[in-house]
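Below you'll find the structure, written out as structure tokens, and then a few comments.
For the single chain, residues carry numbers from 1 onward in sequence order.
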Amino acid sequence: MKIWYNKIHDSRRSMVEIEADEVSIGRDASNTLVLKSPLVSKRQAVIERSNGKLKLTNVGINSCMVGDSEVLGGEEREFAIGETVRIWPYTVNFEIEEAAPISRQQLEAHLRSLMSDLESRVHRKLLERFDLYELETNQFGTEDSILLLERHIEDVCREMGLFSEQNDALLEELIGMTLRDYVINELILESDDDRLRTQQLTWNEFDVPATLVPERETELRNLLHFTAERLKLAEQPDLSSKIRQTEAHFSEVFPLVRPHLHRELRRYLILRSLKKDLKDTVFGFGPLQDLLRAPTITEIMVVKSDQIYVERDGAVELSGRRFISDKVTESIIERIVAQVGRRIDKSQPLVDARLPDGSRVNAIIPPLAVRGPCLTIRKFPAYRFTMDDLIELSSITSAAAMFLRACVVDRRNILVSGGTGTGKTTMLNVLSGFIPHRDRIVTIEDTQELQLHQDHVVTLETKPANVEGAGEYTIRDLVRNALRMRPDRIVVGECRGGEALDMLQAMNTGHDGSMTTVHANSSEEVIKRLEVLVLMAVDLPVVSIHRQIASALDVIVQISRRPGGRRVVTQVSEVAGYDADRKELVIHDIFNFRNEQALTPTGYMPTFIDSLMEKDLLKLEFLYGETPG
């Protein structure tokens, strides 16, 4: 039996061959397979082989994964030969005759690593020729500077003998990934979906080389067309589906494309890709460029310069891409935050910012980030979700959606709560779409994310302190100022401090129909969270805080993230008032998530139902027409 194993972020795999039918795994040297990591128990698992099947017994403290199933300490699980076992941070495969097939993610990580090594070598040679940072600063993106850089890249590749015959095997490995990237980039650039806002990040002048060879470009266009036909991309309904189809099935189509990739064309395409990647590094966002444009990716997490994770379809995976060095990573972080007038350096090593398309950015560098620059980008959706989209995605039911629409139009104060990444801001955006166009709206955020389509909208954003430590304007300052701006409604992106008190007071002083979000795990926990936030601003008795909340809030919308990454509304509750006898707030669920199936009406009639009915905003069949599944 052969056992193949590798660290999850490492594409290189090791192999041991075992004749015994029982294998012990752990970090202690006495084990059959030794996995050297403090995260692995001294004796973590025992694998037994019998009748073509394997059985894993977890004898350690930490859990293991067999396929998609978690195996806790003391549990057993049977699995087939070839199925993947994950003992963090290792992936282990068992084979009888031959090596386990490498996964698509492992293969891509390996190929990206080869490409990054190649780019690093070219980059070092370029730095010997001239100062790339000077080029970036003084000739940012000009046609002459781009042409100069491309010519130098060609010269360096010749000096290195990159396209000599001994490197043909390397180019052969890289060409499939390179061509797939071309297919995906072409799909993004040619998309005619008006809702997409990726054009702000396309950097067309860098995607298309200044040193084109018309004959090779014609061959490339023909190959892209041929590949798109074989992948049946025209049959896919939208851009995201086309990209997923390409990623999932390109390897099946590539053998049909390979005969058309003669040696000169392979060299040209690799060189073209090198030029684009290095221009992205000098003038753009480096390896983040393509990730930012891909609509299938919702979050980008740079752990270290050589470890970039992405969230795709609710799952976090290693992208395989990497920065050339920590210095380049810091340079690109500085470029990102400079676009919105922020700065980051050793005296201010932590910053929140946003990209031109509204994506949220958090960056932290040494000395705070010990292992090197760290960057997290929460990508803004490629288009603004509507309530219909959320219903189609089963994030909310039509009955609950109709009820919330009625609440917004009837000027009920709404609070959206949930954990990190559950979609609170998306829900706030959707609900704000129901606000009548005649209303004057003031939005207040740390970094602007809300996109309201009404005409009469005033958008306010916080400002950090300057170098001298002065000039800071917080959300609390902006909420207070908003009260003097004659708003009909105030929408605060998130309450995470003393501004919660000001928001409650605003809701209590004639600004009905206002909305905000907070971090909380249930409608009941929202109250505890608001208690803490209000106490950050002023020392009040809990009874007084509860009375303020009872008179200010009408509806709480709770959002949760289910296993698999799906985001759903799990509670729609009314804050029905304050019970003086029990000295607590009264909260009743109008809808809640039951039987792990769907959002279901509880049968509770909100106290303001008469108002909704009188104004013909809601019909009872919409509210209670659904029955539990």
Show your working on salt bridge (charged side-chain N to carboxylate O under 4.0 Å, His left out) between Asp345 and Arg343 and close with a plain yes or no.
CA-CA 7 Å; Asp345 51 39; Arg343 68 185 184 88; 2.5 Å; yes
Does any part of the side chain of Asp512, heavy atoms only, come nearer than 4.5 Å to the side chain of Asn413, both counted from C-beta?
yes
Exam field: side chain Lys304 to backbone Arg371, donor-acceptor pair closer than 3.5 Å:
no
Does any non-hydrogen side-chain atom of Arg529 lie less than 4.5 Å from one of His519?
yes
Which residues share a side chain to side chain donor-acceptor pair (under 3.5 Å) with Asp477, sequence neighbours left out:
Thr474
Verify the neighbour count for atom NZ of Lys463: are there more than 12 heavy atoms of other residues, nucleotides or ligands below 6.0 Å?
yes
Where the side chain of Ser331 meets the backbone of Lys327, is there a donor-acceptor pair that is under 3.5 Å apart?
no
Value rounded to 0.5 Å, distance of CD1 in Ile444 from OH in Tyr473
14.5 Å
Please name all residues satisfying side chain to side chain donor-acceptor pair (under 3.5 Å) with Glu330, sequence neighbours left out, ordered by chain then number.
none
Do any N or O atoms from the side chain of Gln571 and from the backbone of Ile556 form a donor-acceptor pair under 3.5 angstrom?
no
With Phe591, which of Thr602, Ile396, Leu599, Val569 fulfils side chain to side chain contact (heavy atoms under 4.5 Å, CB included)?
Leu599
Donor-acceptor under 3.5 Å (Ser319 side chain, Ile308 main chain):
yes
Any side-chain heavy-atom pair from Leu533 and Leu501 closer than 4.5 angstrom?
no
Nearest heavy-atom approach of Ala401 to Met387 is CB-CG, 3.5 Å
Do Ser240 and Thr296 have side-chain atoms, one donor and one acceptor, less than 3.5 Å apart?
no
Is there a donor-acceptor contact under 3.5 Å from the side chain of Ser544 to the main chain of Leu540?
no
Testing the 3.5 Å rule here: is there a donor-acceptor pair between the side chains of Asn362 and Thr376?
no
What's the separation between atom CD in Gln236 and atom CZ in Arg244, rounded to the nearest 0.5 Å?
10.5 Å
Output all residues satisfying side chain to side chain donor-acceptor pair (under 3.5 Å) with Arg411, sequence neighbours left out; order by chain, then residue number.
Asp439
Can you find a pair of side-chain heavy atoms, one from Ser116 and one from Phe323, that are under 4.5 Å apart?
no
Tell me, do Arg322 and Arg112 make a side-chain contact under 4.5 Å, heavy atoms counted?
no
Where is the tightest heavy-atom contact between Thr422 and Gly419, given as atom of each residue plus distance?
OG1-O, 2.8 Å
Answer yes if the side chains of Thr298 and Glu311 hold a donor-acceptor pair under 3.5 Å, and no otherwise.
yes
Whether the side chain of Ser395 engages the backbone of Val568 through a donor-acceptor N/O pair (distance < 3.5 Å, no angle test) should be reported.
no
Phe608 and Cys407, any side-chain heavy atoms less than 4.5 Å apart:
yes
Does a side-chain heavy-atom distance below 4.5 Å link Gln307 with Val302?
no
Return the CG to CE distance between Leu612 and Met402, rounded to the nearest 0.5 Å.
11.0 Å
Lys242 backbone acceptor or donor facing Thr246 side chain under 3.5 Å
yes
Considering residues at least two apart in sequence or located in another chain, which fulfil the side chain to side chain contact (heavy atoms under 4.5 Å, CB included) criterion with Arg440?
His456, Val458, Met485, Arg486, Asp488
Applying ring-ring contact (aromatic ring centres under 6.0 Å, His included), can you list everything that pairs with His588, at least two apart in sequence or on another chain?
Tyr604
Ignoring hydrogens and geometry, is there a side-chain-to-backbone donor-acceptor pair from Lys583 to Val543 under 3.5 Å?
no
Does the distance from a Lys or Arg side-chain N to an Asp or Glu carboxylate O, for Arg360 and Asp352, drop under 4.0 Å?
no
Nearest 0.5 angstrom please: Leu291 CG to Arg293 CZ, how far?
10.0 Å
So, Ser417 and Gln558: side-chain donor and acceptor under 3.5 Å apart, yes or no?
yes
Report yes or no: does Asp389 contribute a side-chain atom to a donor-acceptor pair with the main-chain N or O of Thr386 at less than 3.5 Å?
yes
In short, Thr281 meets Arg335 closest at the heavy-atom pair O-NH1, 3.2 Å
For Arg496, give me all partners under side chain to side chain donor-acceptor pair (under 3.5 Å), at least two apart in sequence or on another chain.
Asp446, Glu494
May I ask you to decide if Ile243's main-chain N or O and Gln245's side chain share a donor-acceptor pair within less than 3.5 Å?
no
Do Asp326 and Thr329 meet the criterion of a side-chain donor-acceptor pair at a distance under 3.5 Å?
no
Considering only heavy atoms from C-beta outward, does the side chain of Glu299 approach that of Tyr309 to under 4.5 Å?
no
